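Inspection log for the structure reproduced underneath, given as structure tokens.
No experiment lies behind these values; they were computed from the predicted model shown.
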Amino acid sequence: MAHHAPRPPAHRSTQVAGGAAAPRPRWSRCTTVLAALAGAAVVLTGGATAAHAEPTVAEIERQIDRDWNRLEPLIEQHNAVRQDLAAKRRRADALSRRIGPLQLQVDLAMNQVSGLAAEAYKGESISVVNALLGSRSPGELVGQLELLDRFASRQQRGVQAVKDLRDELAAKKAPLDEMVAQLSRTEAQLAARKKQIDAEIDRLQRLRLKLHDGGGGGPLRPAPCPAAYPGGPAGAAVRFACAQIGKPYVWGAEGPGAYDCSGLMLAAWAEGGVRLPHNARQQRQVTTRIDRADLRPGDLVFYYADLHHVGMYVGGGWVVHASRAGVPVKMKRLDDGPINSYGRPG
């Protein structure tokens, strides 16, 4: 089921000097997302209140799952806004590169107009008029009139050209200035929201570690599962696998009530939108081989030379797996068994 961020309140125009109402912002998408992000701390803090003074590990894990389900959509929206900002920044940079040559043309035209003004100031245009008045014949008078008309037209064209270029520059620069200003404001707001999100994630993680340090997780869940909450498809897969701890092993089962080793991996990664075959060896064939140093929660760990067993790495040196009949889905140490290789679905 998709999780939706809280709907932001409707925008209202604000009163400015002179009694005029400020126009409603046109950046509705970013504003909507930021409003959703702004509600993260309120929603999550309210959901994290423990009902008991000393909750059990199972109760805390359920509470953390609920909090995370509220938090992750906001993180994904944050990521989407960051991508959108990056695209707008590239557009702004491209527009700046186009404006540069146009500014040079304006400067050149202004220099030309300045030259015309200097000529007029020095009296060259007056000299033309004096020459016109001193014409000795009608033919000479007509020639002088044409010369005066060309001089006036040249001045007018120069001034008009500068005006046109300046208007073109302003028309292109105005949306650029607005875009850059909006990007700067949005980036600052996102940075503040990110601090809130990071603080909430840290709070959840500290709570989980404190509970498990006390040994309250039992033999099936001796450590936080997962060790940290990753995002994206891997996050969905690892959270699902951890939630199956305690369910029985049944050969050929792929849930929801029981699993075998490859059936658990199949069902978990299906939550992340990735299809896997129901066979450990075949799962190794369709996953990307990775090194141990690159392991992250959600990766698959294949055991034995014939690849007859698979588990999911959940971080902190732990794996979740369905081991054998009579033993429920549980956590075990990564090196508890001969490792063959590691694979990353997707």
Does any non-hydrogen side-chain atom of [Y] lie less than 4.5 Å from one of [X]?
| X | Y | result |
| --- | --- | --- |
| P233 | W269 | yes |
| M331 | P222 | yes |
| I290 | L295 | yes |
| N340 | D306 | no |
| Q244 | L264 | yes |

So salt bridge (Lys or Arg N to Asp or Glu O under 4.0 Å) across residues 260-275, not counting sequence neighbours, yields none
By side chain to side chain contact (heavy atoms under 4.5 Å, CB included), T287 pairs with (sequence neighbours left out) L276, R284, L300, F302, P345
Side-chain heavy atoms under 4.5 angstrom apart, residues restricted to Ile, Leu, Val, Met, Phe, Trp, Tyr: same cluster for [X] and [Y]?
| X | Y | result |
| --- | --- | --- |
| L220 | V238 | yes |
| V329 | Y249 | no |
| L266 | M312 | no |
| V327 | W251 | no |
| L334 | V314 | no |

Disulfide bond (SG atoms under 2.5 Å apart) pairs touching residues 227-302, sequence neighbours excluded, are C225-C242
Heavy-atom closest contact ([X] atom, [Y] atom, distance):
| X | Y | result |
| --- | --- | --- |
| A234 | P297 | CB-O, 3.7 Å |
| R239 | P230 | NH1-O, 3.8 Å |
| G246 | P328 | O-CB, 3.6 Å |
| A227 | G315 | CB-C, 3.5 Å |
| A322 | H309 | O-CE1, 3.3 Å |

For residues 290-301, the side chain to side chain donor-acceptor pair (under 3.5 Å) pairs (sequence neighbours left out) are R292-D335, R292-Y342, D299-R344
Going from [atom1] on [X] to [atom2] on [Y], what distance comes out if it is rounded to the nearest 0.5 angstrom?
| X | Y | atom1 | atom2 | answer |
| --- | --- | --- | --- | --- |
| S323 | Y303 | OG | OH | 11.5 Å |
| L307 | Q285 | CG | CD | 8.5 Å |
| E254 | Y259 | CD | OH | 9.5 Å |
| M265 | Q283 | CE | CD | 7.5 Å |

Taken in chain and number order and not counting sequence neighbours, the residues that satisfy ring pair (Phe, Tyr, Trp, His ring centres under 6.0 Å) with H278 are none
Please check this pair: side chain of W318 against backbone of R221, looking for a donor-acceptor N/O pair closer than 3.5 Å. no
Applying side chain to side chain donor-acceptor pair (under 3.5 Å) to D336 and not counting sequence neighbours gives none
| query | Does K247 NZ have over 12 foreign heavy atoms under 6.0 Å away? | reply | yes
Check: Is the Lys NZ or Arg CZ of K332 less than 6.0 Å from the centre of Y313's six-membered ring, within 45° of the axis?
Finding: no
Handout entry: Pair V310-V301, side chain to side chain contact (heavy atoms under 4.5 Å, CB included): steps then yes or no
Key = CA-CA 6 Å; V310 60; V301 183; 6.0 Å; no
